[in-house]
Amino acid sequence: MLDPIADKCFVFSVAMVMFVETDITWWQFLLFGAREIAVFCGASFIAWGKTGVLFLM
């Protein structure tokens, strides 16, 4: 249960450090965020279809 949350926090922190410390542009930072949102929505949709109840990972 905590592994997906920890993964999202890790990816966000790496993206934030890259944005602040390196030459990553704002649109590349937004791509990181869009990917995480897409993965979260896809996983929620699959979980909702299997159980009939929408839950957040």
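Lys8 places none of its side-chain heavy atoms less than 4.5 Å from the side chain of Phe12.
Between Ile24 and Met18 the shortest heavy-atom distance is CG2-O, 2.9 Å. A pairwise comparison of heavy atoms in Trp26 and Phe19 identifies CA-CE1, 3.7 Å as the closest pair.
Note on Ile37: it does not cluster hydrophobically with Leu30, by side-chain heavy-atom contacts below 4.5 Å among ILVMFWY residues. Val17 and Phe32 are assigned to two separate hydrophobic clusters, defined by single-linkage of ILVMFWY side chains at heavy-atom distances under 4.5 Å.
Here the straight-line distance linking atom CE of Met16 with atom SG of Cys9 works out to 12.0 Å at 0.5 Å rounding.
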